[in-house]
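Scroll down for the structure; my scribbles are underneath it.
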Amino acid sequence: MEGQHSERPHSRTSSDRTSSAMSHNPRNSSHVSTTMKDPARMTKALEDCAHRDRPVQPTTILLCKSKSSQAALVPKDHKVFMEEAYNAAICYKMLRDVSSSDSLHLKYIIKKIKKMAQGSPNLVMETIHDYLKNNPEISNRHKFRLFQVLETVIGASDFLEETWERHFLQLALENMTKSTELEDMYQDAASNVLVAICRHSWQVVAQHLETEFLTGVFPHRSRLYVMGVLASREELLNEEDRAHWEHLLAQMAVKSVQFLNTDVWSKELLWTLTKPSRTQQEQPLEKAFLFTYYGLILQAEENSTTVRTHLCGLLQTSHQWPKQREGIALTVGLAAARHLDDVWAVLDQFGRSTPIKWSLHSSSPKVHGQNSEDPRWKWASSTLLLAYGQMAAKAKIYVLPWVDNILARMIFYFRYSSWDETLKQSFLTAVLMLVGAISRSEGAHSYEFSQTSELLESLMVLLEKEPQESLCSTSRQQTFRIISSLCKLRPPIDMDRKSRLLSTCLRSVFALPQLDTLEKHTCLFLEPPNIQVQTLHRQTMEALDHMLQTFLTQNPTADELHSLLSHMYIWLASEKAHERQRAVHSCVILLKCLNQDGCLGTQEDFKRMGQLVGVLGILCQDPDSATQHSSLEGVGHLYQLLTNQKEDISLVEWQTSKELPRPSSDAASLWSSGDPPTPQETASLKDRFFQLGSSQAIKVIMRHLTMEELTDLIWTVINSLGSTSPFHVQAAAQLLLSAIQEHGAKLLTVGSMGQAIYHHLCTISIPQAKKRALQAITLLARNHTPELVAAFLDFSITLDRHAFRMWRALGAEQPVSHLVLAVLLAWLQERPLPTGASDISPHPKEKTYLRSLAAMNTLHELQFAREFKMAMREAYPKLLLTLLTQVHYVLELSLPSESQPEQRAQEATTPSPQSTSLEALKSLLSTTGHWRDFAHLELQGAWKHFASIHTYAQGVGLLARAMVENHCKQIKAVLSHLLPSLQSQQERERKAAILIFTEFLYSPALLEVLSKQAALTMLLQGLRDASLEVRVFSLQGLGNILFHQEKGSLLRGQLPSFLSGFFQNSEPVVVGIMGTVSKVLHRLGMQGAGAQALSVAINARSFFDDEHDMIRAAAMALFGDLVATMVGRELSGLRTHVYQSMVPLLLHLKDQCPAVATQAKFAFYRCAVLLCWQLRHTLFCTLAWEHGVSTRHFLWTCLMTHSQEEFSIHLAQALSYLHSRHHRIKTWAALFIGYTICYHPQAVSQMVNDVDIKLLLCTFEELKKNSEPGIQEFATRLLSFLGKVQARPQK
């Protein structure tokens, strides 16, 4: 050092001289040491010094030239001198202060010195040099910090003079091997000065290091450290210097081969490599370099035995720490670059060794005394994985023949080693190195790799084991990069494996929790990883997107695109917003890539375009704004894809595009032109498409879809109606309605669509979505009514409420409702007999049979729908005949007339066809305003006749007779439909028609439609009918009084004889005669019984209380028939008998005999009709279905309101029935009297005598014991009243 100083005796600046003078003058030195502790005092000292020297100081100061500049001496004025002196003093003080500064202040000092060095690097370096030289007694810690300052200053300098380079190089070399109490820290600080010099002149440093490495003595740790820094920090050397450095390193390795056979050097090498580090998780730079250097030496070694020996020895060291495993693998890989066979043999031998077997799942039971969890060997298989990866990476062009073997070993160790994060990461790193080596090999595409499928299976296992609730590693993105590389190799991935692979990859990323949740989970770890979750998530998504794009670019077909998208659809329909957001983002990235790269050729027709439009259209209504925006962007890319595939835009498309919004007035001329757009104009239209709202954009893009694509879109939104996500259902319903509004008329598979909508309608809970789905059905019905009716019948065998709403929507518009009804009637008339139960093969008529029954069920339900009310009324004649025929058809099916208990229980939930056909007939009468006809059949229990094919004719006759008796206004219309039915090919239709026709002969409306001769002709034709029953009914019709007027007087003449027969002793005879009289009254038709009517009434009434049940029933039935014939005629004396019969009929409603009660109801109702009572519909309903005290009170009210003049007669009749032997009639009579007492107490008290009162008291005492609480209370109140009446004094 002294020699160096002697070469430049005048090289110091004025500041140097000042500092030197101060240091050699004891007084000045003391003064400086005192003032340096205080900056203010230091400044004042400098000023004092300058003041004292001013008289003797020359006007100029000559500075010696610098060797770096070789400049001439130049004068400096006093101001510059003082500034430099001041800066030197400040720097000097800061260098002294670093010894006692804390870490924060140290950083501040270093920052200040660095800033000073940027302006005056030589001044700072010389000050540091002089400080070190003039203060040799400073502590090692102080010197350690000065090294840190020096490293910073040299690193911040743009240029390092050769003088300083030599000084500080020597300073670093002297101190980097020095042992101090700071140990490695001190050496590393000195070494870093050497590294800083490398920035300016690395060759000089490398020359010194090379000399030290090739002495034959194992290099000192600090020299390995410097080499490690040079190897690891890319920024230290530029690209050209880096290449020279690597060449130099290779030469050093070649020269160091001789040391492999030196026992001391080799042991020192192995000891250094295996020496535990301060922090095992971070490998020291010197050790990292040494692994590389060792590998280069083995690579240069010619002797295979030596290579194998050293590698075996290295593999026998501990594999506990991750950096150690990576280093071992790197050494092995570098050796494989030249000794591939030897490395393979060593790894194979090591893989068969006992420690490795202990770490595998499939190994035999562990040898006694051996610890299978020895940390030195626990992760040895991870080292092997990394070694195989490095082997492939370093072998370069020679690796291709070895790929399958290497992959097989990797997969084996991955599958059969104990699973943990270490194994997983080692496997991924190794495979990445392998696929990287393959991708860099030019001949890779000429090879077929047999192990890629097994590798993909292992990658799927790895992804499935990834924690689904957290994202704290790069494992996923590494896996995706591997898959991206593998899909470029031969053979291509088979479809099944690719499908499972895509599902696994998408689930691994899309199913992750949302970002904030991921960040929270990361914070919950005991040792939270040092990662940015948001960045890691973004990188993982990018890796996944790149993988999907690679799949498409490797196989640019429409089928491949559909395969990729089909795996995303389940995530696009997810209930979780963040999953949809991720999926739609990936989908849009894929579509964007498709448009930008143009990898999908124009000849490729993406037939599932409609499905994608539907999915994105639904997501355009997503509540999440990010998903909504991405979806709209995806629709825009789809629009671009469509327009790119269709090179020529048709005039229709141009006119459609004119509807797009005009963003500026400057483009007005573009829209005003009527010519087709130019390519530039087309590009402008595409840009404007992105300005549309979601609903308008979807409408525009739908116009570009083919029919197949449009159908696919509609099916997509229909299927989305079944989603469990509320927004998804709402958006799907809206898009469905929009699509059908625009294109519903030209759709083809409408029937299947209608069925699908029905199945999803059952699960829709959102009223607005359900309403829109039903509106879509209404719109479809305008053009596809027959198809929809046929389709709806398939789910209408049992009609639930959802199916009913579908039918209502189908007929929501009046013209369509008439058409729906017509189609249903057509299906109802398709009545094939079903196939036998033993016939296993499907019968072509079976579906028709089921649809016929479904049409019957549907017609029954639609009679109660307001949408079909008008259509039902207008179609009443046709419906009546069709349903009557349907009843007969169902009876022909040979279904059991009497079901077993279990069958009856089933019918309670699912009505049988027989009951449904009858209920449909009933509801037709009751819902279309023909309740009077319905009442006639209901009150006389005539519906039972429709339960058997043997009594079917009687039931039809009674229905037609009711229509005649009630003067139904539809008789003429029914007759007009009867005439074609009489000519029908179906016997059941002719049978129903002739039955109705023969009854209509008694109606005066018949002759308004047909002449008597025409009617006679039709009956004569019926005699020639193939059906015996039709011939019989036609023959009966020919005997009608319409054609034989003289029969009236003959029949009336026979009535007295019949009446005298009522008094026969035989009950059957009397019942038969009464029935004959009823038939006579019916045969007389419009002529009536005349004067004989009064005699019939008197005789019939006399048997109302006969002891024989059947006689009572027959008498009441006869009386009712008589009353029916008198409607509209002069009653004269018959009115009194009618009034006098009302109380007996009313009381016999509670007759013990059901037949008597039924006939009493019907006769009572007929009398009410004859007497023109009001509220007849309510009266009918009460008689037919109501029971209880309120019913009795209503009937009493009706009677007493309409017959006040007969009050006394009714009361007397009721009192007489208190003597009845029938308990129920007696009770009803008592209640009748009780009501009369309550409402007319004064009149009753005047009419009853003591005997009557006693009778009433006894009766009501009995009623107090009645089981009904209401009757008990009623009787108690009446007893109290009667007691008061009885106690009243007699006048």
Side-chain angles (χ1 to χ4, degrees), residues 936 940 953-954 956-958 960-967 971 994-1007 1012-1013 1015-1016 1019-1020 1022-1023 1032-1064 1066 1068-1103 1111 1113-1134 1137-1138 1141 1159 1162-1163 1166-1167 1170:
H936 271 63
Q940 62 182 315
Q954 189 176 352
V956 175
L958 289 174
R961 187 178 302 176
M963 294 175 68
V964 173
E965 289 184 8
N966 291 307
H967 305 288
I971 288 180
I994 195 65
L995 286 169
I996 296 173
F997 186 74
T998 54
E999 287 295 333
F1000 279 5
L1001 292 174
Y1002 294 104
S1003 173
L1006 175 72
L1007 297 179
K1012 185 185 297 186
Q1013 185 59 41
L1016 186 61
L1019 291 172
L1020 290 172
L1023 294 176
V1032 170
F1033 297 142
S1034 299
L1035 183 60
Q1036 291 176 353
L1038 287 172
N1040 192 280
I1041 196 172
L1042 177 65
F1043 308 112
H1044 310 281
Q1045 295 294 326
E1046 68 280 3
K1047 290 180 64 175
S1049 58
L1050 293 174
L1051 291 173
R1052 284 191 292 272
Q1054 297 297 321
L1055 283 176
S1057 301
F1058 288 142
L1059 295 176
S1060 62
F1062 286 5
F1063 301 96
Q1064 298 289 330
S1066 173
V1069 172
V1070 174
V1071 172
I1073 294 174
M1074 289 182 178
T1076 302
V1077 173
S1078 292
K1079 292 178 182 179
V1080 168
L1081 294 176
H1082 175 60
R1083 297 289 190 273
L1084 288 170
M1086 291 179 289
Q1087 293 186 16
Q1092 300 291 333
L1094 188 59
S1095 301
V1096 174
I1098 294 172
N1099 284 277
R1101 281 190 58 235
S1102 63
F1103 290 94
I1111 292 178
M1116 293 177 186
L1118 174 58
F1119 188 81
D1121 292 337
L1122 175 65
V1123 168
T1125 62
M1126 300 303 295
V1127 175
R1129 300 175 185 270
E1130 179 63 34
L1131 297 182
S1132 62
L1134 186 63
H1137 291 281
V1138 172
S1141 65
Q1159 294 302 329
F1162 190 36
R1166 282 176 152 180
C1167 291
L1170 179 66

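All of these numbers come straight from a predicted model, not from anything done at the bench.
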* Residues Val1077, Asp1121; criterion side-chain contact (heavy atoms from CB on, under 4.5 Å); working and verdict -> CA-CA 9 Å; Val1077 173; Asp1121 292 337; over 6 Å; no
* Show the numbers, then the answer: is there a side-chain contact (heavy atoms from CB on, under 4.5 Å) between Val1096 and Phe1058? => CA-CA 10 Å; Val1096 174; Phe1058 288 142; over 6 Å; no
* side-chain contact (heavy atoms from CB on, under 4.5 Å) assessment of Thr998 paired with Asn1040 -> CA-CA 8 Å; Thr998 54; Asn1040 192 280; over 6 Å; no
* Carefully, step by step, assess Leu1020 and Leu1016 under the rule side-chain contact (heavy atoms from CB on, under 4.5 Å). => CA-CA 6 Å; Leu1020 290 172; Leu1016 186 61; 4.3 Å; yes
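When the salt bridge (charged side-chain N to carboxylate O under 4.0 Å, His left out) test is applied to Arg961, the partners found at least two apart in sequence or on another chain are Glu999. Listed by chain and number, the residues in a side-chain hydrogen bond (donor to acceptor under 3.5 Å, both in side chains) with Gln1045 are Gln1087 (sequence neighbours excluded).
Under a 3.5 Å cut-off, the side chain of Lys1079 and the backbone N or O of Met1074 do not form any donor-acceptor pair. In this structure, Arg1052 contributes its side chain and Gly1088 its backbone to a donor-acceptor pair below 3.5 Å. Side-chain N or O atoms of Arg1166 include none that pairs as donor or acceptor with a backbone N or O of Val1123 at under 3.5 Å.
To the nearest 0.5 Å, atom CD1 of residue Ile1041 and atom CG of residue Leu1050 are 9.0 Å apart.
Counting heavy atoms from C-beta on, the side chains of Leu1118 and Phe1062 come closer than 4.5 Å.
Relative orientation of the Phe1103 and Phe1063 rings is tilted, given thresholds of 30° and 60° on the angle between their planes.
For His1137 and Phe1119, the gap between ring centers reaches or exceeds 6.0 Å.
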